[in-house]
Amino acid sequence: MSFKQFFRLRSKVPKPSFSNHYSRIRNRFQFEFCNRISGFRRNSPIPRALLSFLYCTGLAHSCPISKKQLITSAIFCILLHFVFLDIWFTNLEDYDSMYLKVSVAYLSSYTLTVIVWHATRFKKKQISALLHKIKEISSPPSEIATNYLILINFSVPLVLSIVLANDYRTLENIWLYSYGYDIGNEWTKTILITTKKFLYFAFYPAYTNTLALFYISVCLRCITYLKYLNRKIVECPFKTFDLCFQHDILKKKAKIFDLLLMIQDVFSVPIFFVMIANIMMCSGIIGWFLVKSWDNSYYFWKIESVYLGINAFLCVASIIWVAGSVPVELSKFKEIFHQKTHQRLLNFSKLDELLNKVDLFNEPDFVLSGWEIIFFRKSTILALVGTLLTYTLFVMNINGQ
């Protein structure tokens, strides 16, 4: 081949342009990103934010355990106990006998948060087993919103801490936040107050909220699957609702029942203390405004009380509403199953199918509970609200006398 032919052929080869190179990089990045996301959706039992929360707080671990998880869980443990001791020190130094009962209710929420962490950490192995078990149940579409809820849950404390820092600087007892040291620099004072208030809000209510979201998420997955089974029974004609189909449905229902037993075993004690912490916070806020009027309260406390009060009520109401939906769906399953088997009995008179029906109806009613003390039914919300208002007024009346 001559030099002329070589250069002629080379000139015909298309040179790669910048746009083509950019499009190849973009397509490759999109392909890898989609693969990672799809792999995560296949392998992750719960939303990613919840899984990261469990790893960072030491409530679950990957296999093998990484150094990063050990470090983050250790830091979380130290900060949790630091916040607990710090808030008790701050409030006891500024002790006022007039607000004793209110302070006890307020501080109890942070004490119970520490108890919640220890109670949940004690169930770390059971949580790992629960995460492995829940992979078998498909996640509902609404579970995607959990990641955004967790982001909002930790963003609101940060925003509140920044906004309220200026009001805290005007307090006479600001020295309590610096343990008696006089900080002359206003920027240093603002950063210190913002950091401490963010830590306060991050551990209560943000931490307890996230644990409640974890509980609600696994309960919703069971509820969604029960609704799927109920819909499958309804759509099946009674002629094809034979013994084989019934066995298949009951096996799937038994898998959900085993999962519910695991949920009860893991969350019974922690979710009970989460409920009590929020009830105590509501009681403390109501008690405060019975002693001191809204107009005479500090601006920062008005904002905090609205945030903490609404948060506590929504957390308790959400837990009871979602967990209370479990016995409702189980009861619907029994009713729908009974209707189908009754139709088959009237038309085909197959007595051998009665065994499944009898076994199902002899099964005891299952209700999720908090330490076998608070049973989660939807009607429990009204009972708790009435009890909270009654006992708060009673305690504050004794305090006034």
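Around atom CH2 of Trp301, more than 12 heavy atoms belonging to other residues, nucleotides or ligands sit under 6.0 Å away. Within a 6.0 Å radius of CZ in Phe366, other residues, nucleotides and ligands contribute more than 12 heavy atoms.
Here the options are Trp371, Phe376, Phe272, Phe214, the test is ring-ring contact (aromatic ring centres under 6.0 Å, His included), and the partner is Phe267; only Phe214 passes. Leu250 pairs with exactly one of Phe257, Phe333, Phe245 by the side chain to side chain contact (heavy atoms under 4.5 Å, CB included) rule, that one being Phe333. Here the rule is ring-ring contact (aromatic ring centres under 6.0 Å, His included) with Phe203, and of Trp117, Phe84, Phe76 only Phe76 fits it. Each of Val218, Val326, Ile223 was scored for a side chain to side chain contact (heavy atoms under 4.5 Å, CB included) with Leu260, with one residue passing: Val326.
Residues Tyr106 and Ile285 are not in side-chain contact: their nearest non-hydrogen atoms beyond the backbone lie 4.5 Å or more apart. Put simply, the side chain of Leu54 reaches to within 4.5 Å of the side chain of Leu131, judged on heavy atoms. By the 4.5 Å heavy-atom criterion applied to side chains, Lys232 and Lys252 are counted as neighbours. Using a 4.5 Å heavy-atom threshold, the side chains of Leu160 and Val163 count as separate. Looking at Leu308 and Pro205, their side chains come closer than 4.5 Å, going by heavy atoms from C-beta outward. Annotation: side chain of Leu85 is not in contact with side chain of Phe89 (no heavy-atom distance under 4.5 Å). Taking the side chain as every heavy atom from C-beta outward, Met281 and Asn311 never approach each other to under 4.5 Å. Between Lys196 and Asp86, the closest side-chain pair of non-hydrogen atoms falls below 4.5 Å.
Annotation: salt bridge (charged side-chain N to carboxylate O under 4.0 Å, His left out) contacts of Lys255 (sequence neighbours excluded): none. Residues that satisfy the salt bridge (charged side-chain N to carboxylate O under 4.0 Å, His left out) test with Asp265, not counting sequence neighbours, are Lys123. Tyr215 meets the side-chain hydrogen bond (donor to acceptor under 3.5 Å, both in side chains) test with no other residue; sequence neighbours excluded. With sequence neighbours left out, Lys334 forms a salt bridge (charged side-chain N to carboxylate O under 4.0 Å, His left out) with Asp365. Under the side-chain hydrogen bond (donor to acceptor under 3.5 Å, both in side chains) criterion, Thr224 pairs with no residue, sequence neighbours left out. With sequence neighbours left out, the salt bridge (charged side-chain N to carboxylate O under 4.0 Å, His left out) criterion links Lys197 to Glu304.
Counted by atom type alone, Asn278 and Tyr204 present one or more donor-acceptor pairs between their side chains at under 3.5 Å. If you check the side chains of Glu372 and Ser268, you find no donor sitting under 3.5 Å from an acceptor.
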Evaluate side-chain contact (heavy atoms from CB on, under 4.5 Å) for Ile115 paired with Leu112, printing each intermediate quantity in order. CA-CA 5 Å; Ile115 296 174; Leu112 291 169; 4.0 Å; yes
For a side-chain contact (heavy atoms from CB on, under 4.5 Å) check, start with the C-alpha distance between Arg221 and Leu259, then their side-chain angles and the critical distance, and finish with the verdict. CA-CA 10 Å; Arg221 190 170 293 199; Leu259 185 57; 5.8 Å; no
Working for side-chain contact (heavy atoms from CB on, under 4.5 Å), residues Cys222 and Ile137: CA-CA 8 Å; Cys222 295; Ile137 310 298; over 6 Å; no
Residue pair Ser73, Thr57: steps toward the side-chain contact (heavy atoms from CB on, under 4.5 Å) verdict: CA-CA 5 Å; Ser73 60; Thr57 55; over 6 Å; no
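A distance-only check finds a donor-acceptor pair linking the side chain of Arg121 to the backbone of Gly58 [under 3.5 Å]. The backbone N or O of Phe241 sits less than 3.5 Å from a side-chain atom of Gln246, completing a donor-acceptor pair. Side-chain atoms of Thr380 come within 3.5 Å of backbone N or O of Arg377 as a donor-acceptor pair. Side-chain N or O atoms of Ser161 include one that pairs as donor or acceptor with a backbone N or O of Phe198 at under 3.5 Å. Checked by atom type and distance alone, the side chain of Ser305 pairs as donor or acceptor with a backbone atom of Lys302 at under 3.5 Å. Proximity of a side-chain donor or acceptor of Lys340 to a complementary backbone N or O of Cys236 within less than 3.5 Å is detected. The backbone N or O of Ile279 lies less than 3.5 Å from no partner atom in the side chain of Ser283, so there is not a single donor-acceptor pair. Formation of a donor-acceptor pair under 3.5 Å by the Ser128 side chain with backbone atoms of Lys124 is found in this model. In terms of modelled atom types and a separation under 3.5 Å, the side chain of Gln264 and the main chain of Ser369 share a donor-acceptor contact.
To the nearest 0.5 Å, the span separating CZ on Arg344 from OG1 on Thr341 amounts to 9.5 Å. Once rounded to the nearest 0.5 Å, the distance linking CZ of Arg231 with CD1 of Ile233 reads 11.5 Å. Distance CD1/Ile216 to OG1/Thr210: 11.0 Å, rounded to 0.5 Å. With values rounded to the nearest 0.5 angstrom, Met262 atom CE is found 8.0 Å from Gln126 atom CD. Separating the CG atom in Asp242 from the OG1 atom in Thr240 is a distance of 7.0 Å, to the nearest 0.5 Å. The OG atom of Ser318 sits 9.0 Å away from the CZ atom of Phe313 when rounded to the nearest 0.5 Å.
Between Ile152 and Pro157, the shortest heavy-atom contact is O-CD, 4.5 Å. Contact detail for Ala323 and Pro327: the closest heavy-atom pair is O-CD, 3.4 Å. Asn147 and Leu50 make their closest contact through OD1-N, 4.4 Å (heavy atoms, listed as atom of the first residue, atom of the second, distance). Thr120 and Pro270 get closest at one heavy-atom pair: OG1-CB, 3.3 Å. Nearest heavy atom pair, residue Ala119 against residue Val269, reads CB-CG1, 4.0 Å. Taking each heavy atom of Ala317 and Ile381 in turn, the nearest pair found is O-CD1, 3.9 Å.
Under the 6.0 Å cut-off for aromatic ring centres, Phe201 and Phe154 do not qualify, their centroids lying 6.0 Å or more apart.
Relative ring orientation between Phe53 and Tyr207 is described as tilted, the plane-to-plane angle lying within the 30° to 60° band.
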